[in-house]
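Beneath this line is the structure, given in C-alpha cells, with notes to follow.
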Amino acid sequence: MTANRPVISIVAPVYNEEPILHELYCRISATMDGLGESWELVLINDGSFDRSLEIMRELHAADGRVRIVNFSRNFGHQLAITAGLDYAQGDAVVIIDADLQDPPSVIAEMVKKWREGYEVVYAVRSQRKGETWFKLFTASLFYRLINGITGVNIPVDTGDFRLLDRRAVLALRTVREHHRFMRGLAVWIGFKQIGIEYVREERFAGETKYPFRKMLRFALDGITSFSHLPLQLATYLGFIIAGFSVLGILITIILRLSGSQAFYGQASTLVAVLFIGGIQLISLGIVGEYLGRIYNEVKARPLYIVRDAIGFEPQPQIVGIVQPEIDPSLR
Ligand code: UDP
Ligand code: MG
C-alpha cells in the first residue's frame, strides 16, 4: 500500500452533465469529509460536448483530490465505469451516477458495511422517483427476465451504485470483455456481498442519457453476456413446430382418406410457410446478435481510449490500454 493512496475512491461517469458537477462535488466532499477517511473523486469524461470537462478541470484545480479521466470520444456508461475502476486507487471504490440520482449520503452506510468485512456492498432501489412508468415497467420486466434465464443471480432493482473492495476491483480489472454488463459482472466475481436499500432520487438536472435505443442495447448486452438460452430457443421452437406439423400431416391424411374438403387451398400453405419463415429469420437474427458480439471480442481492440488522465500520480500506464494490475497479495 502506497502512502498517498486514498482509502476511498468515488467513480462517477460523466456525459454532458454540466449543470450538476458542482453540486456533485459539494455533496461528495461533504459526505466524505464527514467520514474522516482520505478520498479521491475520479470523474470520467465520456466524450461530453458541453462544458463538463472545463468544470471538471476547475474542480481539479481547486481540489487535487478530484481526478479526471478524459476519453477521446463517447464510449458509453459501462466503459466509463470500467475506466474508473482501472484508474481508482482506493482500498474501496464506490461507483455512483453523476446525476445525483444515487444520493452520496448512502456512501456512509456502504463504508460501514465494508468496515464490517463485506467486500461488495450494492445499493437496492426501494423506491425510484421521477422515472416514467415505461422505464419502471421495462426495468422490472428486464431484471426478472435476466434472472430467470441466466446463471448469475443479479439482485432485482440494483444498478451500478455499489462499493467494491480493492480485491473485487482487481478481480473486475481482469475481465476485459467489450459488451459488458457491469452489474452482472459485479455479482459474477463473487466475494462477500450484501445489499442495502435506498431511495433513488430524481435527476438533479438535465435529461437521461439513456434513450430507449441505448436501453435496449444495454439489455441485450446483459442477456447475451450471461445466457445462451436465446441461441437454444431455435432448437426448442424447431422441435415444437416439427411436432405440430407431424400432427398436421396425420390429420390431413385422415381428412383426405375420409373425403373431407377441409384445409384445401393455398391460404393454409402460405400461412404455414410465412410462419416458419418468420421463425427462421428470428433465429438467424439471434445467431447474428451473438456472432456480432463474438466478432467485436475477437478484434480485441482496447475497451476505451484515454485522451488525458489528469491528477493521477504516478501517471497511469500506456494511454488507452490499461494493464490490469495484479495485486501481489492475491497471487
Ligand atoms: N453516462 C455516460 N455515458 C453515456 C451515458 C451516460 O457516462 O453514454 C453517465 C451519465 O452522465 C450518468 C450515468 O452515466 O452519470 C447514468 O446515466 P443516466 O442518468 O442518463 O441514466 P438513467 O439514470 O436515466 O438510467
Ligand atoms: Mg440517471
Side-chain angles (χ1 to χ4, degrees), residues 9-25 27-28 41-56 59 66-88 93-104 106-107 122-125 127-143 146 154 156-162 178-183 186 198-222 303-307:
S9 302
I10 314 286
V11 164
V14 176
Y15 180 48
N16 295 338
E17 304 286 11
E18 173 188 311
I20 51 109
L21 285 170
H22 269 291
E23 183 68 19
L24 175 72
Y25 170 75
R27 290 212 205 155
I28 297 263
L41 173 60
V42 180
L43 296 172
I44 295 88
N45 179 34
D46 186 14
S48 305
F49 46 82
D50 63 355
R51 285 188 60 246
S52 293
L53 181 63
E54 221 172 294
I55 298 169
M56 285 184 213
L59 291 173
V66 178
R67 288 154 196 175
I68 309 164
V69 179
N70 184 28
F71 278 3
S72 61
R73 64 167 169 87
N74 178 260
F75 280 90
H77 179 209
Q78 299 291 296
L79 292 173
I81 293 176
T82 305
L85 293 180
D86 290 341
Y87 278 78
V93 179
V94 177
I95 302 169
I96 192 168
D97 276 0
D99 61 0
L100 292 166
Q101 282 198 285
D102 307 327
V106 178
I107 297 173
Y122 54 86
V124 186
R125 303 153 179 175
Q127 206 187 320
R128 296 179 76 167
K129 292 187 186 165
E131 304 277 21
T132 58
W133 69 264
F134 182 73
K135 180 140 188 167
L136 294 180
F137 175 71
T138 48
S140 109
L141 205 69
F142 170 69
Y143 283 111
I146 197 161
I154 299 163
V156 170
D157 299 327
T158 301
D160 289 312
F161 187 23
R162 72 186 72 224
H178 286 247
H179 293 272
R180 47 187 46 225
F181 186 62
M182 293 303 286
R183 52 197 73 168
Y198 79 112
V199 177
R200 188 154 161 97
E201 296 293 335
E202 270 179 57
R203 205 171 221 288
F204 180 71
E207 279 175 3
T208 176
K209 308 297 181 304
Y210 264 99
F212 181 66
R213 189 177 41 81
K214 258 197 205 172
M215 243 162 60
L216 199 64
R217 203 180 328 136
F218 183 55
L220 274 176
D221 280 344
L303 296 182
Y304 53 82
I305 308 278
V306 174
R307 187 175 184 281

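Read the numbers this way: they start at 1 and go in the same order the structure lists the ligands and their atoms.
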**Request:** Please determine which of V124, D102, D97 meets the side chain to side chain contact (heavy atoms under 4.5 Å, CB included) test together with F161.
**Result:** D102
So which protein heavy atom does [atom] come closest to, and at what separation?
atom                    : value
atom 13 (C) of ligand 1 : D97 OD1, 3.6 Å
atom 9 (C) of ligand 1  : P13 O, 3.7 Å
atom 17 (O) of ligand 1 : Y210 CD1, 4.0 Å
atom 6 (C) of ligand 1  : K209 CB, 3.6 Å
atom 3 (N) of ligand 1  : D46 OD2, 2.6 Å
atom 19 (O) of ligand 1 : D99 OD2, 2.5 Å
atom 1 (N) of ligand 1  : Y15 CB, 3.7 Å
atom 14 (O) of ligand 1 : H77 CD2, 3.2 Å

Atoms of ligand 1 less than 4.0 Å from [X] heavy atoms?
X    : result
G76  : 3 (N), 8 (O)
K214 : 4 (C), 5 (C), 8 (O)
V14  : 7 (O), 11 (O)
N74  : 3 (N), 4 (C), 8 (O)

Would you indicate whether the side-chain heavy atoms of [Y] and [X] approach each other to under 4.5 Å?
X    : Y    : value
R203 : E17  : yes
V93  : V42  : no
Y198 : R125 : yes
I68  : L53  : yes
M56  : L21  : yes

**Region of N16 that comes within reach of ligand 1 [heavy atoms, distance under 4.0 Å]** = neither
**Item:** ligand 1 versus E202: contacting region, heavy-atom distance under 4.0 Å
**Value:** neither
**Message:** Can you tell me how the ring of W133 sits relative to the ring of F137, calling it parallel under 30°, perpendicular over 60° and tilted otherwise?
**Reply:** tilted
**Fill in**
Rounded to the nearest 0.5 Å, the OH atom of Y25 sits from the CG atom of L43 at a distance of 11.0 Å
Does ligand 1 come near enough to [X] that some N or O of the ligand is less than 3.5 Å from an N or O of the residue?
X    : result
A98  : yes
E207 : no
A80  : no

**Prompt:** Taking N74 as the fixed residue, which of N16, D46, N45 is the one that meets the side chain to side chain donor-acceptor pair (under 3.5 Å) rule?
**Reply:** D46
**Message:** Against D221, only a single residue in R180, H179, Q78 fulfils side chain to side chain donor-acceptor pair (under 3.5 Å); can you say which?
**Reply:** H179
**Asked** Which one of R203, K135, Q101, E17 has a non-hydrogen atom at the shortest distance from atom 25 (O) of ligand 1?
**Response** K135
**Asked** Has the side chain of Y304 got a donor or acceptor atom that lies under 3.5 Å from a matching backbone atom of G76?
**Response** no
**Asked** Is a donor on one side and an acceptor on the other found under 3.5 Å between the side chain of S72 and the backbone of V306?
**Response** no
**Message:** Between ligand 1 and R200, can you find any atom pair, the residue atom being a heavy atom, that is separated by under 4.0 Å?
**Reply:** yes
**Prompt:** Heavy atom of M215 under 4.0 Å from ligand 1?
**Reply:** no
**Message:** Here's one to test your reading of the geometry: is the NZ or CZ of R73 within 45 degrees of the ring axis of F75 and under 6.0 Å from its centre?
**Reply:** yes
**Complete:** Within a distance under 2.8 Å of the Mg ion (ligand 2), the protein atoms of type N, O or S are D99 OD2, Q101 OE1
Using distance only, find each side-chain donor-acceptor pair of residues 211-219 under 3.5 Å and give its atom names and separation, not counting sequence neighbours.
unit_1 : atom_1 : unit_2 : atom_2 : d
K214   : NZ     : K209   : O      : 3.1

**Prompt:** Given R27 and E23, is the salt bridge (charged side-chain N to carboxylate O under 4.0 Å, His left out) satisfied, shown in steps?
**Reply:** CA-CA 6 Å; R27 290 212 205 155; E23 183 68 19; 2.9 Å; yes
**Asked** Of the options Y15, Y210, F181, which is the one that meets H77 in a ring pair (Phe, Tyr, Trp, His ring centres under 6.0 Å)?
**Response** Y210
